[in-house]
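Chain naming here is simple, since letters A, B, ... match the order of the sequence lines and numbering starts at 1 in each.
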Amino acid sequence: MGDSNYKHEEIEKKWQKFWQENQSFKAENEKSGTKEPFYVLDMFPYPSGAGLHVGHPLGYIASDIVARYKRHVGYNVLHPMGYDSFGLPAEQYAIQTGQHPAKTTEQNIARYREQLDKIGFSFDWDREVRTSDPEYYNWTQYIFLLFFNSWYNPDSNKAENIQTLISRFESKGSEGLDTKNSEPFSAQQWKGFSEKQKQDTLMNFRLAYLSEAFVNWCPALGTVLANDEVKDGLSERGGYPVERKKMKQWSMRITAYADRLLQDLEDVDWNENIKEIQRNWIGKSEGTGVRYHLTPNPSPQGEGDGWRTTSKDVNGDSRNEKKLDEGNGWRTKSEDSEGDSYENRNDEDNNVVNEIDHNQFYTTDGQLWNILIEKAKSMRTNPTKAEWILWQNIRNCALGHKFRRQHIIDRFIVDFACLSKMLVVEVDGDIHDLQKEEDEIRSSILSKHGFKVIRFRNEEIINQTNKVISQIKQELESLPTSYPNIQSHNTRIIVSEKKENYSKNEINSEKGEQNINPIKTDNSYTSPNTQDSSSPTNEINSEKGGQNINPLKTDNSHLTPNTQDSSSPTNEINLEKGEQNINPIKSDNSHLTPKTQDSSSPLSLRRGAGGEVIEVFTTRPDTLFGVSYLTLAPEHDLVLKITTPDRRSKVEAYIEYAKSRSERDRQTEVKKITGEFTGAYVTHPFSGEEIPVWVGEYVLAGYGTGAVMAVPAHDERDFAFAKHFGLPIKQVIEAPEGWDINKEPWCEKQGKVFNSDFLNGLEVKEAISRMIEEIEASYIGEGKTNYRLRDAVFGRQRYWGEPIPVYYKDGIAYPVAEKHLPLILPEVDKFLPTESGEPPLGRAGNWNYNPDKGVVANGDGYPLELTTMPGWAGSSWYFFRYMDAKNPTEFADRNALDYWKNVDFYVGGAEHATGHLLYSRFWTKFLFDIGLVGVKEPFKKMLNQGMILGESAFIYRADGENKLLSKNQVHNKKTHLIRVDLSVIDDAHNELNIEKIKKHPLYQDYKDFEFVTESNGKFIVEREVEKMSKSKYNVVNPDDICHEYGADTLRMYEMFLGPIEDAKPWSTKGIEGVYKFLRKLWRLFYNEQEEFYLSEEKPNEKEFKTLHKTIKKVTSDIESLSFNTSVSAFMICVNELQELKCNKRQVLEPLLILLSPFAPHICEELWEKCRHHGGISKVTWPEFKEEYLTESNITYPISVNGKTRAQITVPATAGKDEVEKLVLANEIVQKWMEGKTLKKFIFVPGKIVNVVV
RNA sequence: GCCCGAGUGGUGGAAUGGUAGACACGCAGGACUUAAAAUCCUGUGACCUUUAUCGGUUGUGCGGGUUCAAGUCCCGCCUCGGGUACCA
């Protein structure tokens, strides 16, 4: 009989055809009988030009085993496959060869399909999808539009249609929402907004939105590069310089989902380590923001270490504190008349003030901003009656616009300011009659800043409130709305409405250093005599004379050590004589920042000396007193604004340098410490110390606020930086005995706090919460939760991706109408950026949009978006499309979605943990929120297959000689390695086939070389494990294996290689064993006459035991995804049956069913030979019966002191005492116990006996 | 750097805290054969001892620890792989 040999190729073709013709694996979208649905999904393959290599099928085989197993145990199984067919490699290839990526993609897919078919997967090919197919990306674009038309409502904690946001704006303005980069606004204001203003505002809320983000820009290539396309600041392709550049980009607001993405990890059955990777990626951290105010003057101590302490005498204690007017409870306007704006201090009669001013001037100039703020707060808590009345009428957008009270503008505290209308309302006390001139100057300065100032008198407000209000209203309406790019933290501090008693904040400085206690200064301000703690007098003098007092101008370079502190007025005036500039801010810029001066954003107008605020986020507020410097990311907006002139060139050079550095490098090269001192200082919010501000590349712009407060004593990176630049290390947390804080930072979150004023004596944990309380109470910051997760960039400057369905009218982005989807990817002449640096779609001639007609020729409509979607767009939702893959009217029918729900079992690589697996979860949650799907998570259970690596082969060539050396013939010769293709070696024996290499076209250069072999005549190659890749000539193609050994062998061998989750190099060594196993199995069904023969006899005990042992092992192994051990179990089973010469139907048929998920073709064939029809794939799984495994005797290993010495066989029912007796009587045991006494007898029933002596 | 994972014979790997190395490859020896292939049988971590048995010692990346008992648990390292935000 000719078929007694196992002919894999013939059999496999036959059954692949059978499955296809009978639609054996077609899934039905409805409940059929008692079958439950089960959805098995594979990682979406990208069809690369190299074809499928042996690493790809690893996961597919595992999932196929599960899918086939689930069919046997009675499920309706959905097991689809398709292609993630947009992507960079095809585009790269297109650029190089000019071939259209659609064409190469088509070819690659055809090849993938052919390869996949050969392996015998049970896919339902009717449901195939391709992301590059317009019928598919129609729905990707549709979902994009849903994102675009949605916002995240923090109140309902879910995504909602943008219409609900618009209604909300119409009824209550921006109240209750973080307006991000723009000012809060009222409902009336919203209604008055222009279309552009409205759209810009909505853009801050849309879940798909345009924003600025940093990218790797390569000017020479005119494109943006991925981090791995950049090596050492140069593009991998071409070697051109690459820089970090801010660019307008489409993004997805995944951060809105950060907390839910974190929380819902609890509900999925994934590996703990993948969950951990996602948790870390989301990076939730609890901490607090802390705002540091720039000192108004550059700190003068100039060069050197950039460190200075506030050592000058403050005399703060000498200030008299004047009580509030006790009569009526209101602060009187006259009381603060000199305090709220320093021009008032130009009171020549007030010598005392002047004198104090001088004194203060030398001491506290660095505190001005701080003092103003504290002053403002104090005034807020103690309003005059008129102020109070007015405030009640204008607060909470009562007039349709947000007002702030006691707001700092320039160096004034104005009474009320509406920033969106640039209107200032001042309330004049009696004293203002006496100083009209000063008021005019003040108004003039404010108007230079773009503010309109209107004034009311106390009694006007008190007696004619309504008239005043309507006057203000009129002013508001007449003024245009402005959108100052205000950093919200800059103003928030003034806006805060908390009524706190500050007295608890009293801070005493340590070590006799002077402490500027902002809180105390508050009170001191109420005293006319002592209030003038900063430099105003001198300022006013100069202003009167038309001098520009520009404290920032006080270059360090001008200063001698003796006059270092002084923004000394004398110097100023001399320097500025004759300049006649009364706008200190403008002159700041003109002087300090020639390059940015023209960037006259409203912010820069409003920025006063010291007005800048650096906000940091810290998780260790307990170490606040240990801060010795701040570090800004080189990209931080403030860097150039605060840098002093003498530092400018260095800082600029540093920023340039940092641009050339990738984020990866900046994080990795931790030993390379770089940075520059900006020359600027901030004031410590509690100690009042001046703290230098540095720039350092170790701070990344995208993390937190892009600024850190450095505590070298308790943070590794800060420590390294401080050591490198000689900055002070101030320990504030107790380290263990003997810990040298100057050698190593103490970073553990434990220990007692010291040197920290009110935190002294607290444990770290207590100190953290206490400090947050203090920070909040003092308006220095707010406790908050920070996420490391950043919004996901959703646009790429590439051709081969889904077009983003957006067009631009008057510079505003509008969605393409749904009826015009899909927006088909246009044809272009080249797949390169345009000459002007636009993305490739800029080359398309028909790429305009008419809202009625759809896509039209350029010039006939509005320009369409030119960037395309990233690779992860199409793969973020494909699992839903498979449920109803051909639906032409919906992305999937709701009944199908509800039937399949989510993926029951997903197999994918752990390398996607922070990409695909997170984005898919994000999109699923979004689709859930807007009611399109009924599940919150895409993948219930997941298996992460490890990567299969390649084993590259090399031969040695002797340098300068025409000789190739076998591995052990190199000796001490100088050689270099030549990569060789795996086709010219014997993989199992690492032996080079010299004849083959001489004929191989790649190696014609070497055909006449001398091949120096080993003494046995073999030429051995060098091997090295690398990623499997075409360019490394180490790709092993599954086709070759299928041809030689068959798909069943390939399937089982890939499973046999080891645990599916481990990465491992591919090696064909060992495949023989699996092949041999299948042939052995085949022969069990044939008799000695080589005829197919099964005995109908009842199996004996041993045969049943072998079978049921295997049923048990294989079933539990599949359930626990341990496929390698089930292959071993099959081998053991077949070996045993062969030894038993078992050919009984009752044993062999169940075995075929067990094996069929692993090796389906051979099992189908034998099953058919067993006279069954209709295929094995849906036959019921064999039932395991415990009774066949029960043993009457147990053999115990006996160890003495933990080492196995003997064995003993006892009845299974034997108890401890019985066993102990037998064991102690054992000859070998006695030998080992000789002369020793029994200490303990350990008996683990069914397991082991341990005798301890 | 940071986060996650992995290190066990010549090789892939097995082992609910309970006889380390199952199963397979490779290698060696043998059977069958004119021969080869195929197939079957035996041996195979290292070291020591022995004619051979019988034995013994040691052994799961390195250094410590917990336990009657550690590849497995804990602490500190080393090496390799994956991810690190535009590769998929």
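- A ring-centre distance under 6.0 Å is not found for A:F879 and A:F44.
- Note: NZ (A:K1247) to C1' (B:U72) measures 14 Å, nearest angstrom.
- The ring of A:Y906 has its center no closer than 6.0 angstrom to the ring center of A:W270.
- A cation-pi arrangement is present between A:R788 and A:W281 under the rule of less than 6.0 angstrom and at most 45 degrees off the ring axis.
- If you check every strand for non-hydrogen atoms under 4.0 Å, A:Q1207 touches a base.
- Within the nucleic acid shown, A:D84 comes within 4.0 Å of sugar-phosphate atoms alone, with no base atom in reach, counting heavy atoms only.
- In this structure, a donor-acceptor pair under 3.5 Å is present between the side chains of A:T867 and A:E865.
- B:C48 and B:G64: their C1' atoms are spaced 29 Å apart (whole Å).
- Nearest heavy-atom pair, A:D718 versus A:Y698, reported as atom, atom and distance to 0.1 Å: OD1-OH, 2.9 Å.
- If you measure from atom CD of A:E1139 to atom P of B:C41, you get 7 Å, rounded to the nearest angstrom.
- Closest to the side chain of A:E1072, from the set B:G26, B:U57, B:A85, is B:G26.
- Residue-level contact check: A:T668 touches the bases, meaning some heavy atom is under 4.0 Å from a base atom.
- Rounded to whole Å, the C1' atom of B:U16 lies 15 Å from the corresponding atom of B:G71.
- Among the protein residues, A:I1242 comes within range of the nucleic acid bases, having at least one heavy atom under 4.0 Å from a base atom.
- Side chain of A:R788, nearest nucleotide from B:A88, B:A85, B:U39: B:A85.
- Here the nucleotide nearest the side chain of A:N273, chosen from B:C4, B:A88, B:C68, is B:C4.
- Taking atom P in both B:G9 and B:A46, one finds a spacing of 12 Å when rounded to whole Å.
- Protein atom CE of A:M1131 is 14 Å distant from nucleotide atom P of B:G13, rounded to whole Å.
- The base of B:G1 lies close enough to the side chain of A:Q667 for a donor and an acceptor atom to sit less than 3.5 Å apart.
- When the C1' atom of B:C87 is taken as reference, atom OH of A:Y919 falls 13 Å away, rounded to whole Å.
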Next item on the list: Dump the intermediate steps for side chain to side chain contact (heavy atoms under 4.5 Å, CB included) on A:E1220 and A:L1224, then the final yes or no.
Entry: CA-CA 6 Å; A:E1220 184 168 348; A:L1224 294 181; 3.9 Å; yes
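- One P atom belongs to B:C62, the other to B:C41, and the distance between them is 37 Å to the nearest Å.
- Relative to the side chain of A:K1080, the nucleotides B:C40, B:C68, B:G82 differ in distance, and B:C40 lies closest.
- Between A:I948 atom CD1 and B:G13 atom C1' the separation is 14 Å, expressed in whole Å.
- Screening A:L1154, A:T1106, A:L1081 for a side-chain contact (heavy atoms from CB on, under 4.5 Å) involving A:C1133 leaves a single residue, A:T1106.
- Nearest nucleotide to the A:F1056 side chain, out of B:C40, B:G12, B:A14: B:G12.
- Closest to the A:A1063 side chain, of the nucleotides B:G56, B:G81, B:C86, is B:G81.
- In terms of position along RNA chain B, the nucleotide closest to A:T1125 lies nearer the 5' end than the nucleotide closest to the other residue of the pair A:T1125 and A:Q1138.
- Base orientation of B:G45: anti (glycosidic angle beyond 90° from 0).
- Side-chain atoms of A:S1128 lie closest to B:A22 of the nucleotides B:C87, B:G13, B:A22.
- Atom-to-atom, CE of A:M869 to C1' of B:A85 comes out at 19 Å; the value is rounded to the nearest Å.
- Counting non-hydrogen atoms under 4.0 angstrom, A:R279 reaches nothing in the nucleic acid.
- B:A6 and B:C54 have their C1' atoms separated by 41 Å, with the value rounded to a whole Å.
- Side chain of A:Q797, nearest nucleotide from B:A88, B:C86, B:C23: B:C86.
- Here the side chain of A:K1069 is nearest to one of B:A85, B:C25, B:A88, namely B:C25.
- Between A:D1062 and A:G1202, it is A:D1062 whose nearest contact on RNA chain B lies nearer the 5' terminus.
- For B:C2 and B:U72, the C1' atoms lie 28 Å apart once the distance is rounded to whole Å.
- Residue A:K275 contributes atom NZ, which lies 20 Å from atom P of B:C3 at whole-angstrom precision.
- Centroid-to-centroid, the aromatic rings of A:Y83 and A:Y46 stay 6.0 Å apart or farther.
- Within the 4.0 angstrom heavy-atom criterion, only backbone atoms of the sugar-phosphate kind lie near A:P1059; the bases stay farther away.
- Listed nucleotides B:G83, B:A88, B:A20 differ in distance to A:T1204; the shortest reach to its side chain belongs to B:A20.
- When the P atom of B:U57 is taken as reference, atom CH2 of A:W1232 falls 5 Å away, rounded to whole Å.
- Distance noted for atom P between B:U19 and B:A70: 11 Å (whole Å).
- At the heavy-atom level, A:W281 lies under 4.0 Å from base atoms of the strands shown.
- B:G45 and B:G26 have their C1' atoms separated by 15 Å, with the value rounded to a whole Å.
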